[in-house]
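Working notes, beginning with the structure itself.
Excluded from the calculations below are hydrogen atoms, water molecules and symmetry mates; all remaining heavy atoms, backbone and side chain alike, are included. Here is the naming used below: chain letters follow the sequence lines, and residue numbers restart at 1 for every chain.
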Amino acid sequence: MTESTVRVRFAPSPTGALHIGGARTAYFNWLFAKQQGGTMVLRIDDTDSARSTQASYQQIIDSLNWLGITWNEGPVVGGSYGPYRQSERKAIYEQEINRLIAQGKVYPCFCSVEQLQEDRDTAQREGRPQKYVGRCKHLSDDERKVRLKNGEQRVYRLHAPEKENMVFQDVLHGEVVVSSQEIDDFIVWKADGTPTYHFASCVDDALMKISHIIRAEEHLSNTPRHIALFDALGYSLPIFAHIPMILAPDRSKLSKRHGATSVEEYRQAGILPDALINYFLLLGFAPQKENDIISRQEAIEVFDLQRVTKHAAMYDIKKLEWMNAQYFRQIPVDIVLHNILSSLVSRGWITDDPSPQQLAWLRTIVAFVKERARNEQELMTMMSYYFEGISTYDRKGVTKYFASKEVVQRLRFAIEILIKVTPFTSVTIEEAYRQLITELGIKGGDLIHPTRLAISGVTVGPGLFDIMALLGRGQCIQRIEHAISAIDNGILFVE
RNA sequence: GGCCCCAUGGUCAAGCGGUUAAGACACUGCCCUUUCACGGCGGAAUCAGGGGUUCGAAUCCCCUUGGGGUCACCA
């Protein structure tokens with residue numbers, strides 16, 4: 001088997017949290033690399049020193065780790081094409097730009113930012129394309145020398161290609177044709193002596209021997225520029241694959257106002273990495289499988305870059321939540337218990353050195369409640385009444401189950417039998433309840449629902465008799481008594 | 001505004017010239033159950049519009065419309 005030459009990269013800018021769009025791009029790159037036996041490179045595109053932060057860098061690394069998206073070369077792990085942070089590659093860019101200067105492929109431009117802005121405004125007004133007007137393109141060598149010597153602020157622009165059309169292939173979009181008219185002499189080197197994104201990106205992709213550039217579609221329009229750069233630099237072209245973007249539910253570009261957009265936020269909301277990864281796969285790709293639940297390993301096998309959809313997708317939080325529930329339920333009880341232990345302590349629900357009996361009791365609660373929860377947060381909420389008394393009752397439940405005149409009397413009967421049930425187990429409690437129900441000549445629900453509401457405050461949850469056994473005789477009676485007085489006094493809600 | 005990309009139910013999507021137009025989430029009806037969740041069985045719901053090409057178009061071509069991207073000394 002020959003060694004694969006597939007090399008892909010994910011190149012985030014550390015200017016914020018890792019976005020779900022970026023995370024999916026990273027995942028698709030990773031999938032492709034794994035499947036092809038290729039190399040995944042992580043590169044940090046931090047040429048913008050003003051906006052890049054160390055905190056963001058760290059968060060991106062953390063998010064990627066959490067998602068299980070690994071890289072063969074990059075920060076932390078190193079590699080033979082490093083360094084992998086653009087801020088550490090300045091010498092390389094300088095060497096490359098000097099080469100281009102020497103070859104006359106770029107030229108200095110002395111136009112001021114204000115001047116350029118004015119040019120653009122004018123073009124906009126007159127309905128012309130917003131391209132560089134070329135003021136500095138044809139300066140004489142002498143003039144350039146003088147102005148350079150005088151230390152005038154300057155950037156460097158690329159002499160854009162003059163051929164008719166630029167044609168390139170995209171794995172998803174096929175042939176894309178752009179008129180060279182559209183590409184102006186864009187800036188590749190900034191006045192502050194640093195490369196622009198386009199320049200650094202192309203230089204790195206070439207030097208890092210990237211074979212496939214799999215990136216978001218927002219870069220499709222930039223690709224002709226990049227090709228011009230690859231050409232000017234004398235490097236061969238990688239293969240391009242522009243994957244669709246992820247849109248907010250209102251079809252606009254995802255932003256903070258749409259709620260959770262970063263991986264970190266989903267993490268905090270209790271979304272499992274496997275669920276998020278699985279959801280990403282489905283957003284833009286249809287595994288031809290029976291089920292939508294696809295493990296990473298399966299994903300690697302079925303993924304096909306060419307079959308990724310071409311249109312943007314809106315993310316659907318509902319499906320993600322459903323997906324999360326699928327994964328959450330598969331986690332063994334003991335693991336879940338272990339995971340929430342510290343939260344239980346910090347809420348004051350248990351002490352930090354629970355006894356074996358208490359642990360066993362907790363385990364049973366988790367086992368029952370877990371079946372109904374979609375994530376840890378929900379689980380915690382649904383467990384609360386095992387640890388805290390009931391002060392407020394579900395509103396709909398009250399009108400439904402506490403309204404009838406007989407309720408109080410029935411609950412009193414219930415207390416009477418609960419006093420006598422021995423031992424106090426799910427089975428014996430149910431027997432006693434059933435007997436009472438028969439004696440009263442009512443339907444099971446007529447007693448069961450009010451009891452549930454009285455002891456848990458809510459109308460949903462595990463089997464009532466299981467809850468009661470777990471809670472213990474004392475708590476059950478106390479809570480029912482409390483409910484009776486609450487009904488009598490009409491104090492059922494605490495705002 | 002110029003240019004580029006895209007267009008199947010509410011959402012994700014299968015389909016690649018002939019299908020009763022899959023499936024999943026969501027919604028909804030029934031069943032199971034003390035409730036909820038799970039599960040099972042049903043239901044409603046889609047080819048943006050208009051022209052071609054063809055014996056035959058969701059599928060191919062053109063136009064329109066709509067959405068997105070890009071045109072920065074941001075990435």
Side-chain angles (χ1 to χ4, degrees), chain A residues 11-15 45-48 50-52 86 109 111-113 116-117 120 123-132 153-157 170 172-173 176-179 181-184 186-192 194-198 200-201 216-225 242 244-245 247 249 251-253 279 282-286 288-293 307 309-323 325 329 369-374 382 397 400-401 430 433 437 443-449 451-453 456 458-465:
Chain A
S13 293
T15 54
D45 281 11
D46 55 355
T47 51
D48 184 352
R51 295 201 307 148
S52 298
Q86 292 190 326
C109 169
C111 300
S112 69
V113 205
L116 293 170
Q117 187 55 50
R120 271 192 297 269
Q124 174 83 279
R125 256 199 321 277
E126 297 174 3
R128 286 181 290 110
Q130 304 179 22
K131 317 173 43 170
Y132 176 55
Q153 282 272 307
R154 87 284 177 264
V155 300
Y156 281 91
R157 291 179 181 275
D170 182 278
L172 304 188
H173 300 282
V176 181
V177 185
V178 180
S179 163
Q181 302 292 315
E182 290 303 315
I183 305 163
D184 69 349
F186 60 99
I187 297 169
V188 295
W189 198 263
K190 302 187 250 182
D192 66 358
T194 62
T196 61
Y197 158 77
H198 299 298
S201 176
E217 196 181 306
E218 57 185 318
H219 288 296
L220 188 61
S221 300
N222 287 146
T223 305
R225 252 171 280 277
H242 289 91
M245 307 189 49
L247 265 29
R251 285 229 161 263
S252 67
K253 199 170 175 176
Y279 183 64
L282 263 33
L283 219 50
F285 182 76
Q288 312 265 35
K289 305 277 280 186
E290 297 267 318
N291 206 314
D292 276 351
I293 305 299
R307 289 194 53 247
T309 57
K310 290 190 274 204
H311 52 272
M314 305 202 285
Y315 77 93
D316 179 9
I317 190 75
K318 284 281 201 307
K319 183 144 186 178
L320 209 207
E321 282 168 353
W322 168 82
M323 177 95 31
R329 291 200 192 96
V369 178
K370 176 178 166 295
E371 299 306 312
R372 284 151 246 271
R374 293 178 301 177
M382 293 168 83
K400 227 169 157 184
Y401 305 126
E430 176 155 15
Y433 252 66
I437 287 162
K443 284 185 291 184
D446 293 338
L447 185 60
I448 289 169
H449 292 310
T451 306
R452 175 188 291 283
L453 188 57
S456 75
V458 291
T459 59
V460 302
L464 175 65
F465 306 113

Report yes if at least one side-chain N or O of A/Lys190 is closer than 4.0 Å to OP1 or OP2 of B/C74; otherwise report no.
yes

Atom-pair distance (CD on A/Glu218; P on B/C3), nearest Å
22 Å

Partner nucleotide of B/C41 by Watson-Crick or wobble geometry (both distances under 3.5 Å):
B/G29

Name the residue closer to the 5' end of RNA chain B, choosing between A/Met314 and A/Ser179 according to the nucleotide with the nearest heavy atom.
A/Ser179

Does B/U20 have a Watson-Crick or wobble mate here (both distances under 3.5 Å), and if so which one?
none

Quantified in whole Å, what is the P atom distance between nucleotide B/U53 and nucleotide B/G1?
33 Å

Using the P atom as the point on both nucleotides, what is the distance between B/C36 and B/C32, in whole Å?
12 Å

Here the pair of heavy atoms bringing A/Val155 nearest to A/Trp189 is CB-O, 3.2 Å

Which value, in whole Å, describes the distance between the C1' atoms of nucleotides B/G18 and B/G56?
7 Å

If you check the A/Val178 side chain, which of B/C73, B/G2, B/C4 turns out closest?
B/C4

Looking at the side chain of A/Ala286, which of B/A14, B/C74, B/C12 is the nearest nucleotide?
B/A14

Could you work out the separation of B/G52 and B/U11 based on their C1' atoms and round it to a whole Å?
33 Å

NE2 of A/His242 versus C1' of B/C3: gap in Å, rounded?
15 Å

Roughly how far apart, to the nearest Å, are B/U46 and B/A58 at atom P?
15 Å

Within the pair A/His311 and B/A13, is there a side-chain N or O less than 4.0 Å away from OP1 or OP2?
yes

Under 4.0 Å protein heavy-atom contacts per nucleotide of nucleotides 29-48 of chain B, with B for base, S for backbone only and - for none
-----BBBSS----------

If the cut-off is 4.0 Å, is A/His173 near the phosphate of B/C6, judged by side-chain N/O to OP1 or OP2?
yes

Closest to the side chain of A/Val176, out of B/C4, B/C71, B/A14, is B/C4

Mind checking the P distance from B/G39 to B/A26? Whole angstroms is fine.
9 Å

Provide the distance between the two P atoms, one in B/C61 and one in B/A7, to the nearest whole Å.
11 Å

A/Asn222 near the nucleic acid: base, sugar-phosphate alone, or nothing, with a heavy-atom cut-off under 4.0 Å?
base

May I ask you to say what A/Val458 touches in the nucleic acid, namely base, sugar-phosphate or nothing, with a heavy-atom cut-off under 4.0 Å?
nothing

Tell which nucleotide pairs with B/U34, taking only Watson-Crick or G-U wobble pairs whose two distances are both under 3.5 angstrom.
none

A/Arg157 to A/Tyr132, cation-pi by 6.0 Å centre distance and 45° axis angle
yes

Distance between C1' atoms of B/U59 and B/A24 (Å, rounded)
23 Å

For A/Gln130 and A/Lys318, take the nucleotide of RNA chain B holding the closest heavy atom to each; which residue's nucleotide lies nearer the 5' end?
A/Lys318

Taking the side chain as C-beta and beyond, is there a heavy-atom pair between A/Ile448 and A/Phe465 under 4.5 Å?
yes

Between the base of B/A26 and the side chain of A/Lys319, is there a donor-acceptor distance below 3.5 Å?
no

Looking at B/A14, B/G69, B/C73, which one has an atom nearest to any side-chain atom of A/Ile187?
B/C73

Indicate the atoms forming the closest heavy-atom contact of A/Ala123 with A/Gln130, along with that distance.
CB-CA, 4.2 Å

Quick one: does A/His242's side chain get under 4.5 Å of A/Thr223's, heavy atoms only?
yes

When all nucleic acid strands are considered with a 4.0 Å heavy-atom cut-off, which category describes A/Gln288: base, sugar-phosphate, or nothing?
sugar-phosphate

Does A/Lys131 reach the main-chain N or O of A/Glu182 with its side chain, forming a donor-acceptor pair under 3.5 Å?
no

Closest listed nucleotide, where the reference is the side chain of A/Ala191 and the choices are B/C25, B/G68, B/C73
B/C73

For A/Gln117, does the CD atom have more than 12 heavy-atom neighbours from other residues, nucleotides or ligands under 6.0 Å away?
yes

Starting at atom CE of A/Met323, determine the distance to atom P of B/A13, rounded to an integer number of angstrom.
13 Å

Give one of base, sugar-phosphate or nothing for A/Thr47, where a contact means two heavy atoms less than 4.0 Å apart.
sugar-phosphate

Which of these nucleotides, B/C73, B/G2, B/G15, is closest to any side-chain atom of A/Arg307?
B/G15

My understanding is that a pair needs two contacts under 3.5 Å, Watson-Crick or G-U wobble. By that rule, which nucleotide pairs with B/G1?
B/C71

Between A/Pro195 and A/Val188, is any pair of side-chain heavy atoms under 4.5 Å apart?
no

Nearest whole angstrom, please: distance from the P of B/A72 to the CD1 of A/Ile183.
13 Å

Tell me the partner of B/U53, counting only Watson-Crick (N1-N3 plus N6-O4 or O6-N4) or G-U wobble (N1-O2 and O6-N3) with both under 3.5 Å; none if nothing fits.
none

Quick one: which of B/U70, B/G69, B/C12 gets closest to the side chain of A/Arg225?
B/U70

Look at the side chain of A/Tyr279 and the backbone N and O of A/Ile317, then say whether any donor-acceptor pair between them is shorter than 3.5 Å.
no

Please check: side-chain N/O of A/Asp45 versus main-chain N/O of A/Ser201, any donor-acceptor pairing under 3.5 Å?
no

Among the nucleotides B/G68, B/C71, B/A13, whichever has the atom closest to the side chain of A/Thr309 is B/A13

